[in-house]
Amino acid sequence: MAFFTTARPVADGVFGRSLGFSFADVFARVAAWNDKRVTRRELGKLSDRELDDIGLCRGDIEDAVNAMR
């Protein structure tokens, strides 16, 4: 008895993996960039006293943002 299926393989993203990325990857990178941008801006708005309360100084802001995800 022969068994046939009509299932097709699912492509990765719109163009498959031929380009090495998908639109989901691009979206995730843009979202991560935006999260870092917002965090950098908000930490920059804090006073030196407020930064000290959370254990940071102005020089630590960039390192803290780069340590995200």
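Any value given below was found using the heavy atoms of this structure, including those in side chains, with hydrogens, waters and symmetry copies removed. Residue indices begin at 1 and follow the sequence shown.
- Atom CG of Leu46 and atom CG of Leu51 lie 5.0 Å apart (nearest 0.5 Å).
- For Asp48, the side chain to side chain donor-acceptor pair (under 3.5 Å) partners at least two apart in sequence or on another chain are Arg58.
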Report all side-chain donor-acceptor pairs from residues 26-35 shorter than 3.5 Å, counting only partners two or more places apart or in another chain.
| from | atom 1 | to | atom 2 | distance (Å) |
| --- | --- | --- | --- | --- |
| Asn34 | OD1 | Arg37 | NE | 3.1 |
| Asn34 | OD1 | Arg37 | NH2 | 2.7 |
| Asp35 | OD2 | Arg69 | NH2 | 2.4 |

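- For the salt bridge (charged side-chain N to carboxylate O under 4.0 Å, His left out) test, no residue two or more places apart in sequence or in another chain qualifies with Glu50.
- Minimum interatomic distance between Arg40 and Glu62 (heavy atoms only, all atoms of both residues): NE-OE1, 3.1 Å.
- Qualifying salt bridge (charged side-chain N to carboxylate O under 4.0 Å, His left out) partners for Asp53, counting only residues two or more places apart in sequence or in other chains: Arg49.
- Asp52 is linked by a side chain to side chain contact (heavy atoms under 4.5 Å, CB included) to nothing, counting only residues two or more places apart in sequence or in another chain.
- Atom CG in Leu43 sits 5.5 Å away from atom CD1 in Ile54 (nearest 0.5 Å).
- A side-chain donor-acceptor contact under 3.5 Å links Asp60 to the backbone of Cys57.
- Listed by chain and number, the residues in a salt bridge (charged side-chain N to carboxylate O under 4.0 Å, His left out) with Arg41 amount to none (sequence neighbours excluded).
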